[in-house]
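Data first, discussion second: the structure below is written as structure tokens.
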There are 2 protein chains.
Amino acid sequence: MAEGKPHHHGNLRAALVEAGVALVHRDGPDALSIRKVAAAAGVSHAAPAHHFPSLLHLRTAIVAEGYRRFTASMETAIAEAPNTPRDAALGACLGYLRFARANSGLFDMMFGTTDCIHDDPDLRETADASYAVLARISAPFAGADPVDTELAIWSMIHGFASLAISGNGMHDAPDLEELFLRIFEALDLSAR
Amino acid sequence: MAEGKPHHHGNLRAALVEAGVALVHRDGPDALSIRKVAAAAGVSHAAPAHHFPSLLHLRTAIVAEGYRRFTASMETAIAEAPNTPRDAALGACLGYLRFARANSGLFDMMFGTTDCIHDDPDLRETADASYAVLARISAPFAGADPVDTELAIWSMIHGFASLAISGNGMHDAPDLEELFLRIFEALDLSAR
DNA sequence: CAATAAACTTGACAGCGTCAAGTTACTGGG
DNA sequence: CCCAGTAACTTGACGCTGTCAAGTTTATTG
């Protein structure tokens, strides 16, 4: 089978995505370039073209990898929280917030409008997996339409996280997680 | 006085910002380039350098203009709403959402992490003016710390608007404003 | 073992931001 | 009224970028 390494490099595709994630993390989304990730992986500037037809495809793969780590961040925080519906929801939100703060460049790309190909199957799968976590922790509070509750929680934590990393003044708050706990109180959630 | 037109063009700076806003609106933030806005304004590719030392400065000016229109969008929606605290808050949110949907590229730049110089005086002024609208409509619901309420409302509408334009599946909802009305219900707001 | 396909390299092209130097047009002091 | 002086703008160049075309190396497969 094709489980072994490809011809020259040894799974170049994964190396390029890895280098891309590191580059975005270090220097931001705008610093990402095909030629830089190619150099980081030790291949020629045109080698990535065989795995990613365009820069947009590379960005899409990087965003998909971002969603995998994003889901993992939420799952970790949920696992660390007490096993009640409210603590699970709060845990997911804290995992959400921690990921955004620790990976602001990636987070920007994930939720930007033009940084990836939204139809990409791999992206859809990873993004859907993240949404599934949100849907799961929202379920205990669902009303007539579960989507309403999911969107309320998602909007709240996403807005908070986005604002927290966007340099709109709230960046210098002493304890962002503590602040979010108070904000979260404003959500009228009740297990049904 | 210097109220008349400058030497060659006639207020090139404003023309560049205008062309930049149009370009971002048409082709997205990544399509913005100094050379394109220069061409749109009918000047040479290096002319903008006298008004904007770098692309980041141009983007910052475009984002500042975005905040002006953003504030106007909220004020318009507030003015159209009934004169109650709740309707004013809801109106501001609808103005927020309408701006995001009608100017998704600009909105992306405004709340991205790396698209502008956050220290810029003009940007600070316009961004603060937007925040002042949020603070004003939040005031009637303020608890011990007004910031908590401001952030709760801001996070909710910002998250909802961001998600709505980010191609994460909710783009095809039949009536986004109606959906937000239901989401907004989940906020535990009571005039005090 | 030879043919084929895949992975990668080299080279080229236009477009980009930015810097340096030169040119044009307005402004203010004599 | 004219003549510096200065601000606005142009021209040209540099290195970097994404992308395409063609050639070379390597692995697989019949």
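Just so we're on the same page: letters track the sequence lines, and every chain starts at 1. This structure is a prediction, so every number in the text was calculated from the model and none was measured.
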Ionic contact status for Glu177(B) with Arg101(B), cut-off 4.0 Å: no

State which of dC8(C), dT18(C), dT9(C) makes the closest approach to the side chain of Ser44(A). dT9(C)

Side-chain H-bond candidate by donor/acceptor type, Tyr96(B) with Trp154(B), under 3.5 Å: yes

Does dC16(C) have OP1 or OP2 sitting under 4.0 Å from an N or O in the side chain of Ser33(B)? yes

Test side-chain contact (heavy atoms from CB on, under 4.5 Å) on Asp115(B) and Asp108(A) and set out the steps. CA-CA 11 Å; Asp115(B) 285 330; Asp108(A) 252 23; 5.7 Å; no

Given that Ala49(B) and Val43(A) both sit by DNA chain C, which one's nearest nucleotide is further toward the 5' end? Val43(A)

Using whole Å, report how far CG of Asp30(A) lies from C1' of dC16(D). 15 Å

Using whole Å, report how far NZ of Lys36(A) lies from C1' of dT19(D). 18 Å

Let's see if you can work this out: which of dT17(D), dA13(D), dT10(D) has an atom nearest to the side-chain heavy atoms of Ala47(B)? dT10(D)

Take the protein atom NE2 of His50(B) and the nucleotide atom P of dA20(C), then report the distance between them rounded to whole Å. 12 Å

Quickly work out the Leu55(B) CG to dT17(D) P distance and round it to whole Å. 15 Å

Does a donor on one side chain sit under 3.5 Å from an acceptor on the other, for His57(A) and Thr60(A)? no

State plainly whether the residues Arg86(B) and Glu185(B) are in salt-bridge range, i.e. N to O under 4.0 Å. yes

Is the base of dG11(C) touched by the side chain of His45(A) through a donor-acceptor pair closer than 3.5 angstrom? yes

From CG of Leu16(B) over to P of dG17(C), roughly how many Å is that when rounded to an integer? 12 Å

From CG of Asp115(B) over to P of dG17(C), roughly how many Å is that when rounded to an integer? 14 Å

Consider the side chain of Ala46(A), meaning its heavy atoms from C-beta on, and name the nucleotide among dG11(C), dA13(D), dC19(C) that approaches it most closely. dG11(C)

Are Tyr131(B) and Ile78(B) linked, directly or through intermediate hydrophobic residues, by side-chain heavy-atom contacts shorter than 4.5 Å (ILVMFWY only)? yes

For the helix from dC1(C)-dG30(D) to dG30(C)-dC1(D), what angle lies between the axis at the first five pairs and the axis at the last five pairs, to 10 degrees? 10°

Rounding to an integer number of Å, can you tell me how far Phe52(B) CZ sits from dC9(D) P? 11 Å

Report the relative orientation of the aromatic rings in Phe180(A) and Phe184(A); use parallel for angles under 30°, tilted for 30 to 60°, perpendicular for over 60°. tilted

Arg35(A) CZ to dA14(C) C1': how many Å, rounded? 12 Å

Quick one: is dA6(C) close enough that its OP1 or OP2 comes under 4.0 Å of any side-chain N or O from His51(A)? no

